[in-house]
Amino acid sequence: MVRHRLVIKGTSALLGQLKTVASRRHGEAYRYFASANQDILVYGANTDVGKTVACAAICHQALVRGQRVAYIKPVQTGDETDAAAIREHCSRGGGMTDALRLETLFHYPSPESPASAAEKAGARPPQDAEFREAVLASLRKEREEQSGVLAILETAGGPLSPGPNHTFQADIYAPLSLPCVLVGDSKLGGISATVCAYEALVARKQRPKAILFIGSEGRHSNASAVQKALPDVPVISVPSTPPQQEPLTAWLSQDQVAKGMSALLDAEAESEASSLEEHLRLDREHLWHPYTSMVKPGLVWPVRSASGCHIQLEDGRRLVDGMASWWCAIHGYNVPELNAAAAHQLSQTSHVMFGGLTHRPATDLARVLLSCVPRGLSRIFLCDSGSVSVEVALKMALQYWATQGLPRKCRIATVQRGYHGDTFGAMAVCDPVRGMHSLFKNSLPQHLFAEAPALARPKDANEGAASDSDGFASMEEMLRQNAEDVAAVIIEPVVQGAGGMRIYSPSYLVKLRKLCNDLQILLIFDEIATGFGRTGKLFAAEHAQVTPDIMCVGKALTGGYCTLGATIASDDVARRVSGKDGTQPLMHGPTFMANPLACSLAAASIRLLLQGDWQHRVAAIEKQLAKELLPLKEHGAVSDVRVLGAIGVVELRSPPKEPAKLQQALVRQGVWLRPFGQTIYTMPPYIISEQELRCITKAIVEVLEEGIELTD
Ligand SMILES: *Cc1c(COP(=O)(O)O)cnc(C)c1O
C-alpha cells in the first residue's frame with residue numbers, strides 16, 4: 001500500500017486554514033455528545049413534586065459510586081437557589097463535595113415564572129438558541145475541567161411550563177436530545193399530571209428513561225397506577241422525605257433510596273443502548289439498502305433527524321451534508337416552507353387517484369414547472385420516480401413512431417457511461433459495461449451505445465466546430481448508420497452523474513440537436529440529476545440553449561421531500577403519440593400518478609427556488625469548490641478534479657481498496673459524503689454556508705492526506 005501525502009506547495013497552507021475552521025465549527029456540539037450520553041435532564045410532572053430532592057438523591061448516589069458530578073440549574077427564580085440546597089444535602093454526608101460542582105446559568109431573584117421574573121429583573125431573557133448554547137457551553141466546560149463527569153440538569157416547573165422566553169421547557173430542551181427522567185406527582189390528581197407530562201415529552205421525542213416517585217408507596221399509589229398505565233418505562237419509587245426542617249442525610253443513605261437511584265442511573269444507560277441496538281438489528285436482518293447484499297450488508301449510520309445542512313446521528317454527532325441525499329435536498333432539510341406546504345396539503349388530500357379526477361396541486365405544479373423548463377416543452381406526465389419518468393419517455397418515443405406507421409424505429413441510442421435508472425427499460429440504456437446491470441444483459445433490449453462524450457476542458461469553448469474535442473464523432477457515425485432504426489437518443493445533458501460524474505462540453509448537445517433534427521430522431525434529455533439549478537443553469541439544457549423533445553425530471557423536483565418524477569414533452573410529441581385522430585392513449589398510469597402531496601411539495605419547492613437567489617448561491621459554491629478542490633489535481637492519488645455549479649468531483653487514480661474505511665474516515669471528519677467507484681464527490685444543498693462547505697472540502701483533503709488505502 002502506498003500512502004500518498006499532500007506535498008503540493010500552497011495546499012498545506014490551505015489545509016492548515018481548513019483544519020482550524022473545521023475544528024472550530026463542528027468540534028463543538030457533537031464532540032460533547034459523542035462522549036457523554038449518560039447525563040440526565042430532570043423534568044417534574046409539575047412544580048413542587050420534589051425535583052430538587054430527586055436531583056440531590058441522584059447526585060448523592062453518583063457521588064457514593066465515586067463519580068464526579070455537575071449539578072446544573074439552567075434557570076433559577078427566587079432568592080434561594082436549588083444549587084445551594086443540593087450542596088447542603090450532599091455535604092452533610094461529609095467529604096464528598098469536592099467531586100460535586102454546581103452551576104446556575106440564568107438567575108432571576110423574583111420568586112415567580114421565569115418570564116415575569118426576568119422582566120422584573122429588567123433582564124433581556126435569552127432566546128431559545130442562546131439558552132441552549134449556554135447549556136451546551138456549561139456541559140462542555142464541565143467535560144473539559146473534569147473527565148468522566150456526570151451532569152444532572154434540573155428544569156423549571158413541568159415539561160409544558162414556559163421558560164424565560166415563553167417557550168415550553170420541553171421544547172427548549174428537545175433539540176439537545178439529552179436523556180431525561182421524569183419526577184412523578186405523588187399527590188391526589190398526580191396520576192393524570194404524571195401521564196400528561198410523560199406524553200408531552202414523548203411527543204417531543206424525549207421519552208423518559210424512568211419515572212421517579214418520592215413518597216408514593218403501596219398497591220394503590222400513584223406510582224403503581226402509572227406503572228400499569230405505562231408498562232414500557234421503569235417506574236422507580238422511593239420513600240417519603242422527612243419533614244422539611246430536618247436534614248436529608250439519613251434519608252439519602254437509606255437502602256431503598258440508594259437502590260432506587262442506582263436503578264435510575266443504570267436504567268438510563270441500558271435503555272438508550274438497547275433500543276438503538278434493536279433498531280440496528282432490525283435494519284441489518286430485514287432491510288435491504290441500495291446496491292447492497294442482504295446477507296453481508298455494509299455499514300450504516302443511524303440518523304435521528306436532519307435540519308438545514310446537518311444530519312444528526314443517534315449518538316448526537318452532527319454531520320455536515322455534502323450529498324443533498326443524492327442531488328435532492330437542494331434547500332437542505334426540515335425546510336419551514338416545505339413543511340408548511342406538506343402540512344397544508346395533508347389537511348386537504350394526501351392522495352386521490354388521477355384516473356378521472358384532477359386536483360389543484362397537479363395543475364398548480366404544471367403552471368410553475370412550465371414557467372421554468374426550456375421553451376417548447378408543454379405536456380407533462382407526472383409519475384412516481386426518476387426511473388419511471390425515463391420509462392415513460394421511452395414509451396413516448398416508441399409510440400411516436402409506431403403511430404406514424406414506422407414501428408421499425410424502435411431502438412434507443414445513447415452514450416457509454418450514462419445512468420438513467422434501475423427499472424428494466426431505464427437499465428437498458430445505462431452504461432453497458434460499467435453499469436450495475438450487466439447481470440441482466442440477456443433480458444434487456446439491445447440498444448445502441450456511442451462512446452462517452454469527452455471530458456470538458458476549459459479551452460473547449462474556443463475551439464472550432466470542426467474539431468472533435470467534445471467527442472461527438474462517435475455519436476454522429478452511429479446515428480448516421482442506424483437512423484432508420486433509431487426512435488430517440490437519450491442523454492444526461494452536460495453532466496453524466498452516477499456513471500462517473502463526468503462533465504462534458506455543451507457543444508456536444510448543440511451538434512446532437514441538429515443531427516437529430518436532420519435524421520428524424522427524437523432527443524430525450526434526462527435532467528433528473530442536473531435539473532433545478534445544480535449545474536448553474538436552471539436546467540443543463542440551457543448551457544447549450546437547446547430544447548429536447550422530451551425531458552425527464554425527478555430528484556430535486558420535490559426539494560428532496562418525497563418521490564416524484566415528471567416526463568415533459570413538446571406539443572409535437574404529444575400530438576403524434578396520440579395518433580392521427582388523436583384518440584391513441586399513452587399506455588401508462590401509475591397508482592400514485594400526480595400524488596397531491598408530492599405535487600404540492602414540488603410546486604412549493606420550485607417557487608422557493610425561483611424566489612431565492614439560487615444563482616448566486618450556486619455560483620458561490622462553484623467558486624469555492626474550484627478554489628478548494630482544484631489544487632488536489634497535484635495529489636499523487638488523484639487523476640482529475642472537476643467542478644461545475646454545485647458539483648465537485650475528485651477522481652482517484654484507482655478505486656479505494658476498502659471503500660468502507662474511506663466512508664468511516666469521512667464520517668470521523670464530521671461530514672456526510674458517499675464516495676462512489678473511484679470518485680469522491682459533493683453536491684451539497686444550495687443553502688450550505690461557506691464554512692460548512694469548507695468542512696466538506698477539508699474532509700476530502702484530509703482523507704487523502706491520511707491516505708486511506710486509496711491505492712494498492
Ligand atoms: C437518479 C437518476 C435516475 C433515477 O431516478 P430514481 O428516482 O432513482 O428512479 C435517472 N436518471 C438520472 C440521471 C439519475 O441521476
Side-chain angles (χ1 to χ4, degrees), residues 288-292 323-330 373 381-397 412 414-432 434-437 444 447 449 452-453 488-504 508-509 523-535 537 539-541 543 548 550-568 588 590-593 595 598-599 601-602 605 644-647 649 674 676-677 679 681-683:
W288 251 295
H289 280 259
Y291 312 110
T292 37
M323 295 298 288
S325 285
W326 278 337
W327 314 83
C328 297
I330 51 177
V373 297
F381 191 100
L382 293 167
C383 55
D384 318 48
S385 69
S387 299
V388 176
S389 78
V390 170
E391 299 289 337
V392 172
L394 298 178
K395 260 192 198 178
M396 283 179 182
I412 307 294
T414 184
V415 288
Q416 290 170 8
R417 308 297 297 255
Y419 176 78
H420 299 285
D422 293 347
T423 53
F424 267 78
M427 192 161 70
V429 286
C430 289
D431 183 277
R434 302 166 198 80
M436 291 160 277
H437 313 298
L444 293 177
H447 292 312
F449 293 88
V489 173
I490 184 167
I491 193 163
E492 298 154 272
V494 183
V495 180
Q496 293 187 290
M501 302 299 294
R502 303 174 79 257
I503 299 165
Y504 64 91
Y508 188 103
L509 300 173
L523 179 57
I524 305 170
F525 279 175
D526 178 346
E527 292 253 17
I528 293 166
T530 49
F532 305 103
R534 180 57 67 180
T535 66
K537 302 276 185 191
F539 293 94
H543 289 286
I550 304 172
M551 181 167 101
C552 299
V553 293
K555 292 210 162 99
L557 177 57
T558 62
Y561 264 55
C562 64
T563 180
L564 184 71
T567 313
I568 314 170
H588 209 94
T591 308
F592 284 99
M593 184 163 180
N595 172 252
C599 288
L601 276 164
S605 172
L644 179 70
I647 309 169
V649 186
R674 185 106 178 122
F676 174 70
T679 54
Y681 62 96
T682 180
M683 53 255 186

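When a ligand or atom number is given, it counts from 1 through the structure's own listing order.
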Self-check item: For atom 8 (O) of ligand 1, the protein heavy atom that lies nearest, with its residue and separation
Solution: Ser387 OG, 4.3 Å
Quiz item: For Ser389, what residues pass the side chain to side chain donor-acceptor pair (under 3.5 Å) criterion, not counting sequence neighbours?
Solution: none
Quiz prompt | Proximal atoms of ligand 1 relative to Lys555 (non-hydrogen, under 4.0 Å) | solution = 1 (C), 2 (C), 3 (C), 14 (C), 15 (O)
Practice problem: Find the distance between CD (Glu527) and CD1 (Ile491) and round it off to the nearest 0.5 Å. | Solution: 11.5 Å
Self-check item: Minimum-distance pair of heavy atoms, taken over all atoms of Tyr419 and Cys430
Solution: CD1-SG, 3.8 Å
Quiz prompt | Atom indices of ligand 1 within 4.0 angstrom of His420 heavy atoms, with elements | solution = 10 (C), 11 (N)
Practice problem: Examine Ile528 against ligand 1 and note whether any of their N/O atoms are separated by less than 3.5 Å. | Solution: no
Quiz item: Of all the non-hydrogen atoms in the protein, which one sits nearest to atom 7 (O) of ligand 1, and at what distance?
Solution: Gly386 N, 2.9 Å
Self-check item: Under 3.5 Å: N/O of Glu492 near N/O of ligand 1
Solution: no
Quiz item: Just which atoms of ligand 1 are under 4.0 Å from any heavy atom in Gly421?
Solution: 4 (C), 10 (C)
Exercise. Check Arg417 against Ala452 and note the closest heavy-atom contact, atom names and distance.
Key: CG-CB, 3.6 Å
Quiz item: Distance-only, no hydrogens or angles: does the Glu391 side chain make a donor-acceptor pair with backbone N or O of Ala426 under 3.5 Å?
Solution: yes
Quiz item: When you look for heavy atoms under 4.0 Å from ligand 1, do you find them on the side chain of Tyr419, its backbone, both, or neither?
Solution: both
Quiz item: Does any N or O atom in Asp526 lie less than 3.5 angstrom from one in ligand 1, N or O only?
Solution: yes
Practice problem: Provide the closest heavy-atom pair for Thr558 versus Ala598 in the form atom of the first, atom of the second, distance. | Solution: CG2-O, 3.7 Å
Exercise. Please name the pair of heavy atoms, one in Val429 and one in Phe449, separated by the smallest distance, quoted to 0.1 Å.
Key: O-CE2, 3.9 Å
